[in-house]
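Report on the structure given below.
Below, read A as the first sequence line, B as the second, and so on, with proteins coming before strands; counting in each chain starts at 1.
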Amino acid sequence: MARERFDHQEIEKAQQARWQELDLYRADLADTDRDPYYLLFEFPYPSGDLHIGHWYAFALTDIFARMLRMQGKNVLFPMGFDSFGLPAENAAIKYGKDPAAWTNANMETMRAQVRSMGTSVDWSKEVVTSSPEYYKWTQWLFTKLYDHGLAYRKNAPVKWCPKDQTVLANEQVNDGKCERCGTEVEEKNLTQWFMGITKYADRLITDLDPLPWREDIKDAQRAWIGKSEGARIPFRLVFGNEEKDAWRDEDGNPSQVSVFTTRPDTIFGATYLVLAPEHPWVRAAWDTPHDDAVLNKDEVRAYVEAAQKKTERERQENKEKTGVRLEGISAINPATQEEIPVYVADYVLASYGTGAVMAVPAHDERDFEFAKKMNLSVRRVIDPITGSKQENPEDKEKIVAIVEHEGKVLTIHWRPELGGRLTVGGTAEEGEDPAYTAMREIAEETGYTDLELVERAQEQVHHEYFAHSKNKAWVAHTTLLHFRLKSEACEEPKLEEDEKGKFEVEWVPFADAIRDVKDPLHSYALARFLTPGAYGGDGLLRNSGEFSGRDNREAIDDIIAFVGGEKVTNYRLRDWLVSRQRYWGCPIPVVYDPEGNPHVIPAEHLPWLLPTDVDFTPSGKSPLATSRELQERVTRIFGEGWTPEYDTLDTFVDSSWYFLRYLDPKDEHDFSDQSVMKRWLPVNRYSGGSEHTTMHLLYSRFFVKALYDLALVPVAEPFVERFNRGLILGPDGAKMSKSKGNVINPDSVVKELGADAVRMYLAFIGPYNEPGTYPWNLDGATAMRKFLDRIYALKEKVIEGEAAPAEAKALAQATAKVSEDIERFKYNTAISALMVLVRDLEKQEQVSKEAYGELLRLLAPLAPHLADHLWQGLGNEGSVHQASWPSREVPEDDGMTIVVQVNGKKRGEVVLPKTASEEDVIAAARGLQFVREALTIGAISKAVYVPGRILSLVIG
RNA sequence: GCUGGAGUGGCGAAAUGGUAUACGCGCCUGCCUUAGGAGCAGGUCCCUUCGGGGGUGGAGGUUCGAGUCCUCUCUCCAGCACCA
């Protein structure tokens, strides 16, 4: 006989209707009796249908919401729609549908679907970003930010599709191509609106520290902001070897360009200057009155124009360095007073720092590459330090040599304890040329005599080490030499007596040598000559005038002062471009007077409605520019000659404050209620996808900080906790996509197995508090349904009465585990604890009503429909979701089981009363067979007793 | 390349420094059945002379005791990526 399956469709329908009737999930924001808990998940874009990812996002957050409510918290668990965005507009262009109607229809569908999951969403708090009631306040907040200089206009490049004749939003560009037609996208300069998020860059980093977020989320934010501390340093320009007075800036200062560098300590090694193609000085090269200074201005101009045609992406794709020298112009290195060449190259970004860099090829990889290509000089100004720091080391002069021959390196291979594989070298003799010393020692140790010196390193390596044989610390000032074998001429090595037989001479291929030579000094020498590049590390300054010999980090401030620079901090983060040349977005609440000056629209005219008489056909302008109504509205309100702003806001603006509106969604007089915000902010926990770790989370944090500074919100950080969920993959382990045909349709699985089974399967698939990836497995979902069937079947065993002692113990353990795991979003182990409990109860002939009821309460957050149905079946009034969360102490047990280990291995266990002392435990352990056997070999030399858990004996 | 995170059965995964592989899938055996895509019972890391021995990517280390902590190393994933 097949076990009876419950009718999930009927139960779901009935329970969902009942919940709505009882209005179970409405949060009373004014209630002060219970603790408030604001549980937030990212609101969706109303794309039209719900996929399994939506279930994972909503239904699993709902589990926690339900437990909190049963635990007596006043839970706010709202939802809404991020309903402005491109798909609606694309539908308008493609099928001629009204974006508003299209969006509304989708939201209607999705509301029903979200209800079908059995979520406990409080729909009375719903916000819809595309509704005028909402975007009125998006606009109002924009005007507040504008008043305080945080929203402003400037000229900026935008993506432009030459075929469609339209501006594209960044997210419409895939791999540098237009999403719609695949044409290469160009960049165009337009005047755009920005938000001054960089003003908050530092606070956005420092305020991260106390937040209890996962370190990877914080790190992603820090990396996105990209703070770097360095200096701005002016370089004087010289023309035809003579300073040209005509070249002074507006303030009358002599011609100079400033560079930003994080390594001012390397400035003595700056052997040329590089300007970004967009740098104002480059433009000046062909503008009068400077047009005679650059001798090759046609060449420069051609390079700059070519660079500008390339998109940023193209520049980045082609990592091969290119550039042109500005002939006739030089710069003076302010540290060395040397004249150095000036280049234009697109590896320098105009938008970062000052758009100009001092190039230090010896210590910067990119500069090194460029210098190699252009044949520019490389000057080392840092001597590396290898080994480990020693106390008062004694000085020593050493030489390390690389001898190469036909792709191999000459090595001497000592026994590992004597140093392992090393390159050749020796100790320098007083007054002798190191190259000569090296050749002599190489001959003595290896017999090779016919060497030619290829390169002598500019730098010396300071190698600090402790010589155990002499019990003394040394610092070896090491000269590095690079030899090549001219011929294989070889004599008998002349070894010291104590060296004989202790090492072997071997020729080793480059790659093997680099891998096998572990000694840091020799390893540096190999890398230095065999794979030359920039040295980015620290050390002692050399070739640096009065600073030579000092620690590079320690000397930074003095060097900055010496060259007349100033310390500055730069950020990778740029100001947030919020203009979108799109229709379906929040209209930017700005109008322009006849002179073209912007004015924000006064509050009494908000919401500034999105016009409906627009032409969606891409024409190179924002669709709003085609609206007659909009223009007439502006003329009517502001007067003749005034014009509207045609751009709309990035949808990330809409979503940067929606969690504030949830607290007061219907307010017509304010964006949110101050007293409610005081009680309910910050959000206790925010659950979302890792794709929003950087932009959305950062924008929201910026918004709240800005509004905090304007005294509009009471907190400076919006979210106490942040959890990133993982991703559900297709059954094949690949990301679900229509083209792969591995998309799981939740509706059909729900129809087959029920909403509760799908919720629980998703909860069981892996930890919800980690952004992992989990493949969908229908067998697992089916198994979850069977588990629910078993719980259903268990009702036949229920008898009146209280929990028996065995039940009480099992319930107590399950309650502790389930409570803790749901709290930490570790639903998978919470369910496994329930499975253990159910198995225990199934073994019994009968199950007490108390025990079964408690099981149902533990199940209620996970399987809300079935749990409520069965709960009512027990004769309970109301809903299980109104019941209190079980609490049960694990009953005191008078016995305890102590694991006994002998010499680190588990051998057995002893059962003793709880009151047993360490001596009792050891005595009992001595009676065990295996302990007695061990004791015949030796005595107990050590005993470690962890009370109530384990006894570890060391015998022998 | 840089920065994070992670490597545990055939698979998803458990394990405050204290009995490694809980829970589930899959698989195997048996029962029940006309049947099984149902149900029930048992088994399922490897080796074994049945006493045990080995085992959490690899090599070391700390510890009475290491999946967990430390050092080195390999691999995978994610984010950033010419940011000076």
Checklist line | Check: A/W776 and A/V749 side chains under 4.5 Å, non-hydrogen atoms | finding: yes

Notebook entry, point to check: With a 4.0 Å cut-off on heavy atoms, is A/K817 in touch with a base, just the backbone sugar-phosphate, or nothing at all?
Noted result: nothing

Check: Looking at residues 262-274 of chain A, who's got a heavy atom less than 4.0 Å off RNA chain B?
Finding: A/T262, A/R263

Next item on the list: Classify the side-chain pair A/Y827/A/S832 by whether it contains a donor and acceptor separated by less than 3.5 Å.
Entry: no

Next item on the list: Quick one: which residue pairs count as a salt bridge (charged side-chain N to carboxylate O under 4.0 Å, His left out) with a foot in residues 722-731 of chain A, not counting sequence neighbours?
Entry: A/E42-A/R722

Checklist line | Rounded distance in Å - OH (A/Y768) to C1' (B/G12) | finding: 17 Å

Note to self: Taking side chain to side chain contact (heavy atoms under 4.5 Å, CB included) as the definition, give me every residue that meets it alongside A/A362, ordered by chain and number, with sequence neighbours left out.
What the structure shows: A/V378, A/R380

Check: Which class fits the ring pair A/F825 and A/Y768: parallel under 30°, tilted 30 to 60°, perpendicular over 60°?
Finding: tilted

Margin query: Closer than 4.0 angstrom, basic N to acidic O: yes or no for A/D821 and A/R824?
Written below: no

Notebook entry, point to check: For A/A201 and A/L573, which heavy atoms make the closest approach, and how far apart are they?
Noted result: CB-CD2, 4.4 Å

Checklist line | Pair A/Y571, A/D202: side-chain N/O donor-acceptor within cut-off below 3.5 Å | finding: yes

Note to self: Just to be sure I understand the rule, does A/P771 reach a base, reach only the sugar-phosphate, or reach nothing, if contact means heavy atoms closer than 4.0 Å?
What the structure shows: nothing

Note to self: Using a 4.0 Å heavy-atom cut-off to protein, can you give one letter per nucleotide of nucleotides 54-67 of chain B, 5' to 3': B if the base is in contact, S if only the sugar-phosphate is, - if neither?
What the structure shows: S---------BS--

Notebook entry, point to check: Are a donor atom and an acceptor atom from the side chains of A/T322 and A/Y303 found within less than 3.5 Å of each other?
Noted result: yes

Note to self: Can you tell me whether the base of B/G65 sits syn or anti, using the 90° cut around 0 to define syn?
What the structure shows: anti

Check: Ring centroid separation for A/W213 and A/F723, is it under 6.0 angstrom?
Finding: no

Next item on the list: Kindly indicate whether a cation-pi arrangement holds for A/R572 with A/W224, taking the cut-offs as under 6.0 Å to the six-membered ring centre and within 45° of the axis.
Entry: yes

Protein-nucleotides 25-28 of chain B N/O pairs closer than 3.5 Å?
from, atom 1, to, atom 2, distance (Å)
B/C25, O2', A/N777, ND2, 3.2

Anything under 3.5 Å between a protein N or O and an N or O of nucleotides 77-80 of chain B, put it in a table, one pair a line.
from, atom 1, to, atom 2, distance (Å)
B/C80, O3', A/R572, NH1, 3.1

Note to self: Check this for me: A/K797, atom NZ, are more than 12 non-hydrogen atoms of other residues, nucleotides or ligands nearer than 6.0 Å?
What the structure shows: yes

Next item on the list: Could you tell me the separation between the CG atom of A/L762 and the C1' atom of B/G12, rounded to a whole number of Å?
Entry: 13 Å

Check: Short question: side chain of A/D367, backbone of A/V360 - any donor-acceptor pair under 3.5 Å?
Finding: yes

Item checked: Rounded distance in Å - CG (A/L729) to P (B/C11) -> 16 Å

Atom pairs, N/O to N/O, protein against nucleotides 42-44 of chain B, distance under 3.5 Å?
none

Next item on the list: Would you mind classifying the nucleic acid contact of A/T693 as base, sugar-phosphate or nothing, using non-hydrogen atoms under 4.0 angstrom?
Entry: nothing

Margin query: I'd like to know if A/K373 pairs up with A/E320 as an ion pair, taking the criterion as any Lys NZ or Arg NE/NH1/NH2 lying under 4.0 Å from an Asp or Glu carboxylate oxygen.
Written below: yes

Check: Pick one for B/G9: is it syn, with its angle within 90° of 0, or anti?
Finding: syn

Next item on the list: Only counting residues at least two apart or in another chain, list the ones meeting side chain to side chain contact (heavy atoms under 4.5 Å, CB included) with A/K795.
Entry: A/Y792, A/Y852, A/L870

Check: Is the NZ or CZ atom of A/K321 positioned over A/F370's six-membered ring, under 6.0 angstrom from the centre and within 45° of the axis?
Finding: no

Notebook entry, point to check: Separation of A/R790 atom CZ from B/C23 atom P, in whole Å?
Noted result: 11 Å

Notebook entry, point to check: For A/Y774, which contact category applies under a 4.0 Å heavy-atom criterion: base, sugar-phosphate, or nothing?
Noted result: sugar-phosphate

Check: For the pair made of CZ in A/F825 and C1' in B/A14, what is the distance, rounded to whole Å?
Finding: 20 Å

Notebook entry, point to check: Any donor-acceptor pair under 3.5 Å between the side chain of A/R949 and the base of B/U19?
Noted result: no

Next item on the list: Count the heavy atoms belonging to other residues, nucleotides or ligands that lie under 6.0 Å from CD of A/E820, then report whether that count exceeds 12.
Entry: no

Next item on the list: Could you pull out all residues at least two apart from A/D7 that satisfy salt bridge (charged side-chain N to carboxylate O under 4.0 Å, His left out)?
Entry: none

Next item on the list: Measure the distance from CZ on A/F787 to C1' on B/A38 and round it to the nearest whole Å.
Entry: 19 Å

Item checked: A/R926 atom CZ, over 12 foreign heavy atoms within 6.0 Å -> no

Next item on the list: Select base, sugar-phosphate, or nothing to describe what A/R839 touches, counting heavy atoms under 4.0 Å on all strands.
Entry: sugar-phosphate

Check: Got a sec, which residues hit side chain to side chain contact (heavy atoms under 4.5 Å, CB included) with A/D575, two or more places apart in sequence or on another chain?
Finding: A/Y152, A/F194, A/I197, A/T198

Check: Of A/Y347 and A/E215, whose nearest nucleotide on RNA chain B comes first from the 5' end?
Finding: A/E215

Note to self: Between A/K826 and A/E770, does any side-chain N to carboxylate O distance fall below 4.0 Å?
What the structure shows: no

Note to self: Of the listed nucleotides (B/G12, B/A13, B/A84), which one gets closest to any side-chain atom of A/I765?
What the structure shows: B/G12

Produce the list of close N/O pairs, under 3.5 Å, pairing protein atoms with atoms of nucleotides 71-73 of chain B; give distances to one decimal.
none

Notebook entry, point to check: Under 4.0 Å: is that the gap between some side-chain N or O of A/T829 and OP1 or OP2 of B/A13?
Noted result: no

Next item on the list: Consider the side chain of A/V899, meaning its heavy atoms from C-beta on, and name the nucleotide among B/A84, B/U19, B/G5 that approaches it most closely.
Entry: B/U19

Check: Rounded to whole angstroms, how far apart are CG on A/D216 and P on B/G5?
Finding: 7 Å

Checklist line | Dot-bracket pairing map - RNA chain B, Watson-Crick plus G-U, both contacts under 3.5 Å, | cross-strand | finding: (((((((..(((.....[....)))((((((.......))))))(((....)))..(((((..]....))))))))))))....

Next item on the list: Provide the distance between the two P atoms, one in B/A35 and one in B/U49, to the nearest whole Å.
Entry: 40 Å

Next item on the list: Kindly say whether A/V517 contributes a backbone atom to a donor-acceptor pair with the side chain of A/H522 at under 3.5 angstrom?
Entry: no

